[in-house]
Structure formats: C-alpha cells, structure tokens
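Just below is one structure, and these are the notes that go with it.
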2 protein chains.
Amino acid sequence: MKLINKDTDYAVRALMELSSGGDSYLSVKSISDKQNIPYQFLRRVIAPLIKKGIVKSKEGSEGGLKLALNPAKIKVIDLIKIYHKEFKMSECMFRGKPCCNREGCALRREVIRIERCVTAEFEKMTIKTLLQK
Amino acid sequence: MKLINKDTDYAVRALMELSSGGDSYLSVKSISDKQNIPYQFLRRVIAPLIKKGIVKSKEGSEGGLKLALNPAKIKVIDLIKIYHKEFKMSECMFRGKPCCNREGCALRREVIRIERCVTAEFEKMTIKTLLQK
DNA sequence: TTAACTGATACTAAAATAGTATCAGTTAAG
DNA sequence: CTTAACTGATACTATTTTAGTATCAGTTAA
Ligand code: FES
Ligand code: FES
C-alpha cells in the first residue's frame, strides 16, 4: 500500500535541494551527491519536471537546474501524478482493464471516499510546506 | 497508488457472499461463479482466511465455507494486512531495505500522518458496514 | 466407489519498480 | 578551438509484485 515511489521521493528531495539553492544553477551531479540519489536515476526523474515547467535547465558547462516556480506552487499531488501512470486508487484497474464489479461495489465507494481525503492532503502539501517542518 | 489489490477485492466479495449464505456451507465454486472470480485464484485467496479463523471450512462432498465470525467483526484493515506483506505506507522500504533518508524526511512525516487517517478508515470498515451501503 | 469438495503448492506471465548505460548536443573556460 | 562539465533523450537490465493457472493429495456424502 505504498503511496510514494522512488521517483516521487527523489523528485521531492531534489526540489527541496533546489529551493535552498537560490537563483543559481545546481548540477544534477551535486544534487545526487548531496542527497545520495543514483545519478542516472535522478536525471531521468528530473526530465519530466523540466518538460512540465517546474524546473528550468541550462545546458553546457556551468549549467544545471533551478526552480522555475515558487516552492509554494509546487504541489506534491502534481509530482505523484507525474510518476504514477495510474494515479487514482479507486479506478480499480487490473491489467489495463477496469474491474468487472465496479457498478455497485461497496468497497469501491468507500475507497473513493478515502481517496478524496488523501488527495486533498497531497493537494495542500507543497515543497514550501515540506521545508517548513 | 492502489490501496486495494485483487486478493483483498476478491476476499471482501467472497466474505460478503458468505454473509448472505446464512449458516449453510457454500462451495468456493459457487462463490467464484456468482462473483465472477477465477476459481483457483479464489481458493488461494481464501486459504489464509481459514487459517486465521475468519472462515470455517468443511471438506468433502457437500462441503464448503461459512463465516466463522460475525460480519461486524471482520475488519477490512485485517484483510488488507493479510494480503499486503508490506502494509505500512510510511515504512519507505525499497527492495527490502529502508530508505536511507528516513530520519528527518519531511515527506515521510506527512505520509505517516495520512497513513494514520487511512488506516483508521479501514479499521472502521467491516463486512457488515459494507453490506449496509 | 465415485463425484464434489478442500488442503497445499508449484508454476507462469505480465506489469511495475529501481537502477544502469550510452550517445548526442551545448556551453564556458582555458 | 579544443575540452571538460554539463543537459537531452533513450534504450536496456534486473528484481519484485501482481494476477492467474495447474496439479496432486486427502476428505466426505450419496
Ligand atoms: S470495483 Fe473493483 S473492487 Fe470494487
Ligand atoms: S524516508 Fe524514504 S522518502 Fe522519506
């Protein structure tokens, strides 16, 4: 019943690191060293953040990354959505097909309710709120 | 971010079926037919329920299953724990080893908080409450 | 005796997860 | 104008989890 996978974990940690980096560019290498994250893995994790406009990158020597958004604008829910293809808990998908029991499934109704609560929590959670604690 | 896997799904549906079966024994075959659950899969799912004393079985012809407990005593949280080896969301285990970042991880603290809430919900949820809705 | 059952495993296939490797292009500095 | 330090983009592998199947043995009622 894992809510967070390594991709999300590493992304959050990298973004927290970038938040403390001010306006200068930090290389992926330096982040991976500081946070003990496998370098190639971290590069792959960061790629979608650049595409989505959460992180800005500068190529070449002396290049690197910096935040494109204020840490208060970077929601954990958005990160989770990036790294879990099937995000919703209540879709009840198995092998790409929806569970045959969906209409009228009592368990599903309850899972939907719980999901709304969990989603709301991750919606409130940002890189900024994580840094504050 | 799936909370419920097929094992738990099938177990809940089978237990709901058994609840409506009164005091007579229902065969796994009849449950699998009614609920559209693969027969062999269902047998494997039910095995631990028998061992844990949630379901009573009778061998031989005319044998089958019936509930060993009142539906109000069968908590969904217990079922989830049976079928997810690593139940806790916040343990942050990867490949059997705990995440190296656990002490002081801001994200983990928050996941622990959310987990408590989700667990409490599944604690309240029983076969009886599911049947009522 | 036999058909309808459960008990217990062992097996397979597909997907998700975690991690690695490689080749290409860009840029700043010497 | 070359080279070292970077990012961009994929393609690959290994492990674990999830879903589902197959099989053999034992039990019981008719
Ligand atoms: S809809 Fe799939 S378990 Fe209920
Ligand atoms: S402890 Fe593993 S992500 Fe925080």
Side-chain angles (χ1 to χ4, degrees), chain A residues 1-11 14 18 24-33 36-52 55-66 68 80 82-87 92-101, chain B residues 1-11 14 18 24-33 36-52 55-66 68 80 82-87 92-101:
Chain A
M1 239 172 62
K2 209 184 294 179
L3 294 182
I4 302 296
N5 60 15
K6 273 287 179 207
D7 294 63
T8 310
D9 173 15
Y10 291 158
L18 286 172
S24 58
Y25 285 97
L26 297 184
S27 72
V28 175
K29 185 73 179 52
S30 70
I31 297 169
S32 99
D33 283 348
N36 250 285
I37 299 172
Y39 173 68
Q40 293 296 351
F41 198 148
L42 184 54
R43 291 196 55 197
R44 212 191 42 192
V45 162
I46 281 170
L49 302 179
I50 295 168
K51 281 195 188 145
K52 303 252 173 192
V55 163
K56 234 183 299 191
S57 69
K58 186 181 148 195
E59 283 181 74
S61 178
E62 305 286 284
L65 311 170
K66 64 179 173 182
I80 292 176
I82 289 172
Y83 302 111
H84 289 74
K85 227 191 86 190
E86 278 302 339
F87 164 68
C92 225
M93 304 294 285
F94 296 96
R95 311 250 165 135
K97 301 209 163 165
C99 165
C100 62
N101 191 46
Chain B
M1 237 173 60
K2 207 185 294 179
L3 293 183
I4 301 296
N5 60 14
K6 272 287 178 207
D7 294 65
T8 309
D9 175 14
Y10 291 158
L18 286 172
S24 59
Y25 286 96
L26 299 182
S27 71
V28 175
K29 185 72 179 50
S30 71
I31 298 170
S32 102
D33 283 349
N36 250 286
I37 299 171
Y39 172 68
Q40 293 296 351
F41 198 149
L42 184 54
R43 293 196 55 197
R44 213 189 44 191
V45 163
I46 281 170
L49 301 180
I50 296 169
K51 282 196 187 146
K52 303 250 175 198
V55 163
K56 236 184 297 193
S57 71
K58 185 181 148 194
E59 284 181 75
S61 175
E62 303 285 287
L65 310 170
K66 65 178 173 183
I80 293 176
I82 288 172
Y83 302 110
H84 289 74
K85 230 192 84 189
E86 278 302 340
F87 163 67
C92 226
M93 303 295 285
F94 296 96
R95 313 251 164 136
K97 300 209 166 168
C99 164
C100 64
N101 193 45

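Since the structure is predicted, the reported quantities are computational estimates derived from the model, not experimental observations.
With sequence neighbours excluded, the residues forming a side-chain contact (heavy atoms from CB on, under 4.5 Å) with K66(A) are D23(A), Y25(A), K56(A), listed by chain and number. Every side-chain contact (heavy atoms from CB on, under 4.5 Å) that T8(B) has, sequence neighbours left out, goes to I4(B), N5(B), V12(B), L79(B), I80(B), Y83(B), H84(B).
One interatomic measurement links the two molecules: CG of N36(A) to C1' of dA18(C), which rounds to 16 Å at whole-angstrom precision. When rounded to the nearest whole Å, the span between CG of N5(A) and C1' of dG19(C) equals 13 Å. Rounded to whole angstrom, the span from the NZ atom of K2(A) across to the P atom of dA16(C) amounts to 14 Å. Between the OH atom of Y25(B) and the C1' atom of dT28(D) there is a distance of 12 Å, given to the nearest Å. Distance, I31(A) CD1 to dA5(D) P: 18 Å, rounded to whole Å.
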query = Tell me, for nucleotides 21-30 of chain C in 5' to 3' order, what letter each nucleotide earns: B for a base near a protein heavy atom under 4.0 Å, S for only sugar-phosphate near one, - for neither?
reply = BB--BBBS--

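When heavy atoms are screened at a 4.0 angstrom cut-off, K56(B) is found touching no nucleic acid atom at all. Looking at heavy-atom distances under 4.0 Å, I50(A) makes contact with sugar-phosphate atoms alone, never a base.
If you check dT6(C), dA8(C), dA18(C) against the side chain of R44(A), the one that comes closest is dA18(C).
For Y39(B) and dT6(C), the shortest distance from a side-chain N or O to OP1 or OP2 is below 4.0 Å. Of the side-chain N and O atoms in Y10(B), one or more sit less than 4.0 angstrom from OP1 or OP2 of dG20(D). Using a 4.0 Å cut-off, some side-chain N or O of S57(A) falls inside it from OP1 or OP2 of dG8(D).
Taken to the nearest 0.5 Å, the NZ atom of K2(B) stands 10.0 Å off from the CG atom of D9(B).
Using Watson-Crick or G-U wobble geometry with both donor-acceptor distances under 3.5 Å, dA29(D) finds its partner in dT2(C).
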